[in-house]
Amino acid sequence: MSSEDNLPSPRRIPTRNPSPPTAEMLGEGVDLHADNIGDTAYSKHWFFTTLMNLIQEVEKKEQTEVRKGGEEEAGAAGIDIDEELENELCKLWDMSINKDVGRFLQEFHAVDILMGVINKSRAPRVTEICVGILGNMACCDEICKDISNNEKLVDVILGLLEDPDAPTLVETTRLIHTCVSNKDVRTNWLTPMKRDSTVYTAILFILQSSTNVDLLHNLSSLLDLVLDVDEELLVAWAMPDFVQGLHEAIKQTGEEKELTVDSYLHCLQLLSTTENGVQALVECTGVLFPRLTAHVARVCGEDVIAVGGRERSLASAMSVLNVLFSSAGEEALVLLEKNSYCVECVMQLFEVIQEDRRTSMTLAAAGASQKSTPVSTPHSTRHRTEEKSESDVNGTGRRTCAEGSPRTDTSQSQETEASGSEDHGKSQDTVPVVRNLMEVHMLYSVTVEFLADIVKALPKGESQVAGYLNGCTRDQIESMVLALQDHTDDTLIPHLEEVLSGSEDKYPRLAAAIGMDAS
């Protein structure tokens, strides 16, 4: 026998994974899916284990702090958590958006567990994850009510607005926005917000100092909603420092973040509906007027001026500009002279707005624009969704309450909508643009009022502002005159005639538009 005969036979490598055990091997009555949560493949045991490990980690940190003593040592002791546990918690955070998982966590009293962890933990990452999980769970209506009916938890979450950790604030504002979006329980949040002045102080501090774009976006959505649904808070917060904070947030965000700026501009417009708010806005005219003018000018600076999807932000900017202009008294024209391109931009926009209004009215008459969801156009870079559901809030990356949230850039979803219209036998380029007629009309009305107030303020004889108007195209001037002729104030055209009397040769286009002889 050769030595090779004594060698063991080579191990056979399996070509596939082994088959799962059969029911006979497991025994009768064994449910292979007993550990699954609902219809998911998520393990109940894994969730139990992860939450228990979290509780043990926090308690261990707390005991360590007690033994060491001293605030400085205690603060340092809770900065970091076990990396493996953090990864497991992040998985739980991702999974918690699933409704079956959310209901399972609710049955397991996860809301109370997470509140206890938030109260005890000094690790910012743990707090962020716990609030993020609650934010995902709150997207389920019944869990949102459960969270909002817990007064202690509401107070804890509102208290986190003072937290210095930006990621924690991102998730905190998201959670509050989700709950306030629920009409059945929003008073559970609004009442303590009105009662506790520290909420206003914390929000003001974020507005004035934060550079985190995700936080500023979430806060813009929250403030837009809160000020819109609660008149008391709107009046209480209508102060100059709050207006300054909104201005600072707009400046920090940058015009490229159109959805965030849209919400902040609407907050300013809401403030202009109260007496205190108008006073606060007027006190900030020096910074607001050029900022709002620049917002309008940015749209006019595009190769093709398109207002589709920007109706609300432009209407908000125009409305506040008009409030500032009308409240400036004798200095009103000075504002326009200092911001000379304001009149030109408004006139350019008005021409486009009129065309959009005619198109929308035609489509509405044909029964084609009953939906409020805007459809993308080749020249519009972004659009906003008109209605916000309880889960329409922005997160920060992969752990969000809903993917493709309408409060973020919706260009992708609207491309889908536009491509879907091909079922009607038309390409995206030829599909009629369906817009919300109400918002288009609102933008039209606000712009007409602004132009009417500008005309009212014109002095007799020469003025720079009259020169700005005369410098516009004939079509733009004629569009303005037609709108003024339809205005309820029938003194506008006679006033313009008086202004131009004797100066027809200096302002020939204006004079010609109202039928005056410029020869």
Closest approach of [X] to [Y] (non-hydrogen atoms, all atoms of both residues):
X      : Y      : answer
Tyr341 : Pro290 : OH-O, 4.5 Å
Ala317 : Val296 : CB-CG2, 4.2 Å
Val278 : Ser327 : CG1-OG, 4.0 Å
Leu161 : Ile206 : O-CD1, 4.1 Å
Cys144 : Ala138 : CB-O, 3.2 Å
Cys284 : Val243 : SG-CG1, 3.7 Å

Heavy-atom distance under 4.5 Å between the side chains of [X] and [Y], does that happen here?
X      : Y      : result
Ile305 : Gln348 : yes
Met115 : Lys152 : yes
Val343 : Leu451 : no
Trp189 : Val199 : no
Leu268 : Ser316 : no
Glu344 : Tyr468 : no
Thr447 : Asn322 : no
Leu510 : Val499 : no

Indicate yes or no for a side-chain donor-acceptor contact from [X] to the backbone of [Y] under 3.5 Å, with no hydrogens or angles considered.
X      : Y      : value
Tyr200 : Met193 : no
Ser220 : His217 : yes
Ser96  : Trp93  : yes
Thr273 : Leu270 : yes
Arg509 : Cys472 : yes
Glu248 : Leu246 : no
Asn276 : Ala238 : no
His495 : Val455 : yes
Asn149 : Lys145 : yes
Thr285 : Val282 : yes

Does any donor atom in the side chain of [X] or [Y] lie under 3.5 Å from an acceptor atom in the other side chain?
X      : Y      : value
Ser148 : Asn188 : no
Thr168 : Glu128 : no
Thr198 : Asp196 : yes
Ser210 : Asn212 : no

Rounded to the nearest 0.5 Å, what separates atom [atom1] in [X] from atom [atom2] in [Y]?
X      : Y      : atom1 : atom2 : answer
Leu288 : Gln244 : CG    : CD    : 7.5 Å
Ser263 : Asp228 : OG    : CG    : 10.5 Å
Leu234 : Phe242 : CG    : CZ    : 8.5 Å
Leu292 : Ile250 : CG    : CD1   : 7.0 Å
Ile514 : Leu500 : CD1   : CG    : 4.5 Å
Leu281 : His247 : CG    : NE2   : 12.0 Å

Legend entry - Audit row: Glu462, Lys506, salt bridge (charged side-chain N to carboxylate O under 4.0 Å, His left out) steps and yes/no: CA-CA 8 Å; Glu462 297 183 35; Lys506 296 184 181 299; 3.3 Å; yes
May I ask you to say whether [X] pairs ionically with [Y], meaning some side-chain N is under 4.0 Å from a carboxylate O?
X      : Y      : result
Asp453 : Lys456 : yes
Glu498 : Lys460 : no
Asp230 : Lys194 : yes
Asp224 : Arg312 : yes

Legend entry - Chi angles and distances behind the side-chain contact (heavy atoms from CB on, under 4.5 Å) call for Ser313, His266: CA-CA 7 Å; Ser313 67; His266 192 238; over 6 Å; no
Inset, instruction - Decide side-chain contact (heavy atoms from CB on, under 4.5 Å) for Tyr507 and Ile477; before the verdict, give the C-alpha distance in whole Å, the side-chain angles of both, and the deciding distance to 0.1 Å. - result: CA-CA 11 Å; Tyr507 311 113; Ile477 295 173; over 6 Å; no
Inset, instruction - Could you give me the CA-CA distance, side-chain angles and deciding distance for Ser479 and Glu351, then say whether side chain to side chain donor-acceptor pair (under 3.5 Å) is met? - result: CA-CA 7 Å; Ser479 295; Glu351 186 178 19; 5.4 Å; no
Inset, instruction - Decide yes or no on side chain to side chain donor-acceptor pair (under 3.5 Å) for Thr491 and Asp489, but give the supporting numbers first. - result: CA-CA 6 Å; Thr491 66; Asp489 186 350; 2.5 Å; yes
Inset, instruction - Please step through side-chain contact (heavy atoms from CB on, under 4.5 Å) for the pair Thr173 and Ile176, ending with a clear verdict. - result: CA-CA 5 Å; Thr173 49; Ile176 298 173; 5.6 Å; no
Inset, instruction - Check the pair Leu492, Leu496 against side-chain contact (heavy atoms from CB on, under 4.5 Å), reporting the backbone distance first and the verdict last. - result: CA-CA 6 Å; Leu492 291 172; Leu496 188 55; over 6 Å; no
Inset, instruction - Could you check Glu151 against Arg195 for salt bridge (charged side-chain N to carboxylate O under 4.0 Å, His left out), going step by step and ending with a plain yes or no? - result: CA-CA 13 Å; Glu151 293 184 14; Arg195 183 180 62 240; over 6 Å; no
Legend entry - Mutual orientation of the aromatic rings belonging to Phe325 and Phe450 [parallel < 30°, tilted 30-60°, perpendicular > 60°]: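 Aromatic pair Phe325/Phe450 classed perpendicular.
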